[in-house]
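Input: a single structure, listed below in structure tokens.
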2 protein chains.
Amino acid sequence: MSDVAREAGVSPMTVSNAFKRPEIVLPETRERILSAARRLGYVPNGIAGMLASGRSNLVAVLVPSIRNSSFARTIQGLSDALSEHGFQLLLAVADTADSEFQAVESVLARRPAGIVLTGNEHHPDTVRLLRQSGVPLVETWILSEPILDMAVGFTLGDAAGEMARFLVSRGYRHIGFAGYLPAERSRFLERQRGFQSALRQAGLRDDLIFHADETVGFAGGRLAMTELRAREPRLDALFCVTDIFAVGALFECQRRGIAVPRDFAVAGYGDFEIAAEVVPGLTTVRTRGYEIGRAAASLVVERAAGRATTSRVDVGYELIIRGSA
Amino acid sequence: MSDVAREAGVSPMTVSNAFKRPEIVLPETRERILSAARRLGYVPNGIAGMLASGRSNLVAVLVPSIRNSSFARTIQGLSDALSEHGFQLLLAVADTADSEFQAVESVLARRPAGIVLTGNEHHPDTVRLLRQSGVPLVETWILSEPILDMAVGFTLGDAAGEMARFLVSRGYRHIGFAGYLPAERSRFLERQRGFQSALRQAGLRDDLIFHADETVGFAGGRLAMTELRAREPRLDALFCVTDIFAVGALFECQRRGIAVPRDFAVAGYGDFEIAAEVVPGLTTVRTRGYEIGRAAASLVVERAAGRATTSRVDVGYELIIRGSA
DNA sequence: CTGAAAGCGCTTACAG
DNA sequence: CTGAAAGCGCTTACAG
């Protein structure tokens, strides 16, 4: 910067002003500075700027996985919204309590303007670290307490309950559920509870539950069908916690020659791109991962700008009825 | 840090040493410092550290899209390898020349230890900026010149040619190609050229080419089938530049009642998870996106450590033969 | 509208 | 093994 100042014949702080507050610098001075900067190939050192100003234009996002379409959408939404506001995105993939703690620790060293987390279950040590940092926090994909600071999501259980009622309305009576492990995680459990209570209200069996590890993909649907049909031969529908399981279940029906939706219904969660393309089309809960990302970005940006904001955003969901149920 | 120093009764620089070079500090002094730090909830300010040391543990990655499984794998590989070395990942999604330039500019302000790019085609302005920054650069998913600095990938054309020869060997004679737009982009063109030259060598028609926008998903396969079958009713195979198109083509066959692989073959590129699950299983080129990410991370980390490294890494590919061809 | 001075929180030689 | 001093490249009040 001092090189630019010398080249333009002004002081360093006028150079700084020409970049940060152009309106307070005479147009001709500004022009001289900008052209000097261009000539020298000057790229401002943001590190120094942040240290001096105490402001940061970095937002960190912690996701359990990036391969999951839902989180990929959230990241895309964050990335789009943040770049519109001149913020950058620090990505940390952390799938265990330990790695989450480590990620938070190293992220905090960068003094980000905000941290976007997935879910509301974090190790007490992580929570302590997060809290005392004073950094704005957004938890995503969940809207139930405890919420650390701000949250963007929707009511997971409502969506699952609505889908269960829909399946019942279509005449299915032995409905299974394929969920994720660890089943106690609230992000997963809420869906299961919503499903079960809807079935109970309909006077139906609510214990046809199967759990697969989050690392399992399409195979989850196949495994669920095998196990649940063994437990209940009359099984006539399967609601999956993710479209991936659901599509896997559809493939399995195809292999076994089970007619969908006549003899068996499959419903998913997510409305990933494949849901509209698979044959038959997948009935599913459309979630708004992209909007979650954008909303989370907004909350952080608003907070960084010192503006008061809401701290809860419900992006909603939608039942999408296709051919599979 | 000065608080910690006071609390532990030492100077700030001993605190710094206790963290960065623990071996030169007396064990008992170190212990006193660490416990003081813990007591005060001290989190080192990495920003200040970077400014003072001129070293950065940040690596930026620029991808055209995060929804694409290939890039998601690369990012996962980068993330895993970088966190093992204490580096962090700055993610920028840029799908146009303009946004790439902007992303590079803002990334450079952070003085990263390296920048990982996708492909080898960048706007001249971007190249200039990149070059004069002196930051280590890794281009991924490509191994052909011009390469700015380092590259990790495999020979795209070889893989496509090999698949074309395989289809020919199975007896298919009117083989179409479904590629991405803009077709001139070398990352796309190399595959097409490899495919075409293999067909020509087999004495077959090489002009059954269809292009779809990169934003098109499964629909790409459907569109390719419709258009190419209109142009050549005897079309009996389709090689797709991505498994997504290929699976879309399989779904389309299912809808139209075309028997795969008896009457029609479909081959993909990527070996995404769905390739093994769809019915019939998809014959495809397995690429190593995760390894590309890990290798790119290694190159940057080695360079940051001042160690000499190779500047080209070929991670290879593999033909995976399943039921679709 | 422009500038001299202090300071952000570390690290880096260099002494002791 | 420990510390006083200078400096990384900016920004922030505060003068002029």
Side-chain angles (χ1 to χ4, degrees), chain A residues 1-34 36-37 40-58 86 88 105-106 108-113 133-135 304 306, chain B residues 1-34 36-37 40-58 86 88 105-106 108-113 133-135 304 306:
Chain A
M1 171 173 272
S2 58
D3 294 342
V4 177
R6 201 176 312 115
E7 178 85 7
V10 297
S11 76
M13 80 140 295
T14 303
V15 175
S16 174
N17 279 335
F19 282 105
K20 302 286 168 179
R21 309 173 58 196
E23 69 284 1
I24 74 161
V25 176
L26 264 186
E28 58 179 60
T29 322
R30 189 169 64 224
E31 206 35 71
R32 208 155 23 119
I33 291 170
L34 294 184
L40 296 173
Y42 169 68
V43 178
N45 186 325
I47 303 277
M50 266 154 225
L51 182 61
S53 70
R55 270 186 251 104
S56 162
N57 66 334
L58 186 72
Q88 295 184 303
E105 207 170 20
S106 72
L108 246 21
R110 276 186 197 281
R111 305 293 190 263
S133 74
V135 173
Chain B
M1 171 175 273
S2 59
D3 294 340
V4 177
R6 200 175 315 114
E7 178 85 6
V10 296
S11 77
M13 79 141 294
T14 302
V15 175
S16 175
N17 280 335
F19 281 105
K20 301 287 170 179
R21 308 173 59 196
E23 69 284 1
I24 74 160
V25 176
L26 264 185
E28 59 178 61
T29 322
R30 189 168 64 225
E31 206 33 71
R32 208 153 27 117
I33 292 170
L34 294 184
L40 296 173
Y42 169 69
V43 178
N45 185 326
I47 304 279
M50 265 152 227
L51 182 59
S53 70
R55 268 185 253 106
S56 161
N57 67 334
L58 186 71
Q88 294 184 302
E105 205 170 22
S106 71
L108 246 22
R110 274 184 201 282
R111 306 292 189 262
S133 74
V135 173

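All figures in this text were calculated on a predicted structure; none of them were measured in a lab. First the proteins, then the strands, lettered A, B, ... as listed; each starts at 1.
- Computed from coordinates, the B/R21 CZ to C/dC10 C1' distance equals 15 Å when rounded to whole Å.
- Looking at B/R32, its side chain does come within 3.5 Å of a backbone N or O of B/A8 through a donor-acceptor pair.
- B/R110 has its CZ atom 21 Å from the P atom of D/dC8, to the nearest Å.
- When the nearest nucleotides of DNA chain D are assigned to B/P27 and B/R111 by heavy-atom distance, the more 5′-ward of the two goes with B/P27.
- Computed from coordinates, the B/E31 CD to D/dC1 C1' distance equals 17 Å when rounded to whole Å.
- For the pair A/N17 CG and D/dC14 C1', the interatomic distance rounds to 13 Å; values are reported in whole Å.
- When all heavy atoms of A/E105 and B/V43 are compared, the closest pair comes out as O-CG1, 4.4 Å.
- Side chain of B/R21 to main chain of B/A18: no donor-acceptor pair is present (N/O by atom type, distance under 3.5 Å, no hydrogens or angles).
- Atom NZ in B/K20 sits roughly 19 Å away from atom C1' in D/dT2 (whole-Å rounding).
- If you take CD1 of A/I24 and P of D/dT11, they are 12 Å apart, rounded to a whole angstrom.
- Helical stems involving DNA chain C, defined as 3 or more consecutive Watson-Crick or G-U pairs under 3.5 Å, span C:1-3 with D:14-16, C:5-12 with D:5-12, C:14-16 with D:1-3.
- Rounded to a whole Å, the CZ atom of A/R30 is 14 Å from the C1' atom of C/dT2.
- A donor-acceptor contact shorter than 3.5 Å links the side chain of A/Q88 to the backbone of B/S106.
- Surrounding CD of A/E28 are at most 12 heavy atoms belonging to other residues, nucleotides or ligands under 6.0 Å away.
- In this structure, the CG atom of B/D3 is 11 Å from the C1' atom of C/dG9, given to the nearest Å.
- Heavy-atom distances under 4.0 Å link DNA chain D to A/Y42, A/N45, A/A48, A/G49, A/A52, A/S53, A/R55 of residues 41-55 of chain A, given in residue order.
- Listed by residue number, the members of residues 5-15 of chain A with any heavy atom below 4.0 angstrom from DNA chain D are A/M13.
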